[in-house]
Amino acid sequence: MTTHSAVLGAGSWGTTFAKILAEAGNHVTLWARRPEVADAINASHRNEEYLPGIGLRPP
């Protein structure tokens, strides 16, 4: 069974927490306050501003 989770805040802590949840097999929605951060994460599956060089799992 897949758990659906939401993480509010795409800073370093929120992005890390979302990454851990996703790696554990959860479906995760990561909410970013700034649209440009959300767009960058959606485009590259990375949050270079807060976690440079760390890849995020695609949906």
Side-chain angles (χ1 to χ4, degrees):
M1 181 166 119
T2 301
T3 301
H4 295 271
S5 303
V7 176
L8 302 177
S12 57
W13 188 90
T15 304
T16 300
F17 188 49
K19 178 176 175 53
I20 291 167
L21 288 171
E23 288 176 350
N26 298 290
H27 175 82
V28 181
T29 300
L30 178 60
W31 291 67
R33 178 174 51 95
R34 295 183 300 151
E36 63 273 14
V37 172
D39 292 342
I41 292 170
N42 286 330
S44 68
H45 302 292
R46 294 180 179 272
N47 188 344
E48 291 295 335
E49 184 172 347
Y50 293 102
L51 292 177
I54 304 296
L56 305 172
R57 292 175 55 148

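Only a predicted model underlies this, so the values are computations on that prediction, with no experimental measurement involved. Below, each value reflects all heavy atoms present in this structure, side chains not excepted, and no hydrogens, waters or symmetry copies.
Under the rule for a side chain to side chain donor-acceptor pair (under 3.5 Å), the partners of Glu49 that lie at least two apart in sequence or sit in another chain are Arg34. Evaluation of the ring-ring contact (aromatic ring centres under 6.0 Å, His included) rule for Tyr50 yields no partner, not counting sequence neighbours. In terms of the salt bridge (Lys or Arg N to Asp or Glu O under 4.0 Å) criterion, residue partners of Arg46 (sequence neighbours excluded) are, by chain and number, Glu48.
Counting only residues at least two apart or in different chains, side chain to side chain donor-acceptor pair (under 3.5 Å) contacts with residues 15-25 comprise Thr15-Asn47, Lys19-Glu23.
Side-chain heavy-atom separations under 4.5 angstrom define the hydrophobic clusters, and the remaining members of the one that includes Ile54 are Leu51. Grouping Ile, Leu, Val, Met, Phe, Trp and Tyr by side-chain contacts under 4.5 Å, direct or through others, puts Leu30 with Val7, Trp13, Phe17, Leu21, Val28, Val37, Ile41, Leu56.
When every heavy atom of Ala10 is checked against every heavy atom of Ala32, the shortest pair comes out as CB-CB, 3.7 Å.
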